[in-house]
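Everything below concerns the one structure shown next.
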Amino acid sequence: GFLGLWNVLMGVFGGRLLPLALLSAWIGVANGFLPFSSLYAFPVELLLKDLSTHEILAGFARQIAWLGAMVVLVRVAWQRGLLAYEGYGG
């Protein structure tokens, strides 16, 4: 289900299964907007490549932006869940 799809997306777009340099150009551009490369590819590139200060700061900024987006998403989902929850008994 969802977990299997997540693992496939993480493997392909995160750089676990193959290097991101092997992806076509338009997939690489789309991958820049997804969180997957921030989780695997950026930390590996940070350790193995000689990244410029701008690339390092951009990578950390992308990670922080996705973290903030996920925090907001979880808080909204949690609040909606609390409104829908009906508990009875002790």
Side-chain angles (χ1 to χ4, degrees):
F2 179 75
L3 188 58
L5 177 64
W6 178 263
N7 284 332
V8 168
L9 291 174
M10 183 67 73
V12 173
F13 293 112
R16 282 192 318 186
L17 295 178
L18 63 139
L20 294 179
L22 295 179
L23 298 176
S24 64
W26 68 272
I27 293 177
V29 170
N31 195 28
F33 297 105
L34 298 173
F36 306 115
S37 64
S38 297
L39 296 174
Y40 285 102
F42 173 66
V44 170
E45 288 175 359
L46 189 60
L47 291 172
L48 299 178
K49 288 186 177 179
D50 188 25
L51 299 177
S52 68
T53 305
H54 174 67
E55 291 171 325
I56 293 171
L57 292 177
F60 282 127
R62 191 170 54 236
Q63 285 182 332
I64 291 170
W66 274 109
L67 177 64
M70 291 298 119
V71 166
V72 168
L73 180 69
V74 166
R75 290 183 66 111
V76 167
W78 183 262
Q79 290 301 320
R80 287 188 180 195
L82 287 178
L83 291 175
Y85 175 71
E86 296 179 10
Y88 298 100

Linked, directly or transitively: Leu39 and Val44 (ILVMFWY side chains, under 4.5 Å): no

Shortest non-hydrogen contact between Gln63 and Ser38, atoms and distance: NE2-O, 2.7 Å

Gap separating the CG atom of Asn7 from the CG atom of Leu17, nearest 0.5 angstrom: 9.5 Å

Non-hydrogen side-chain atoms of Trp6 and Phe36 separated by less than 4.5 Å: yes

ILVMFWY cluster, Leu48 and Ile56 together (side-chain gap under 4.5 Å): no

ILVMFWY network linking Val71 to Val76, side-chain heavy atoms under 4.5 angstrom: no

Leu83 CG to Arg80 CZ distance, which is reported to the nearest 0.5 Å: 9.0 Å

Same apolar cluster (I L V M F W Y, side chains within < 4.5 Å links), Val12/Leu3: no

Non-neighbouring partners of Glu55 that pass side-chain contact (heavy atoms from CB on, under 4.5 Å), sequence neighbours left out: Leu51, Ser52

Mutual orientation of the aromatic rings belonging to Phe42 and Phe60 [parallel < 30°, tilted 30-60°, perpendicular > 60°]: perpendicular

Rounded distance [0.5 Å steps], CE in Met10 versus CG in Leu34: 10.5 Å

Glu45 side chain reached by Ser37 side chain, heavy atoms, under 4.5 Å: no

Inter-residue atom distance Leu57.CG - His54.NE2, 0.5 Å rounding: 8.5 Å

Check against ring-ring contact (aromatic ring centres under 6.0 Å, His included), Phe33 and Trp66: CA-CA 10 Å; Phe33 297 105; Trp66 274 109; 9.6 Å; no

Shared hydrophobic cluster, Phe13 / Leu5 (ILVMFWY, side-chain heavy atoms < 4.5 Å): yes

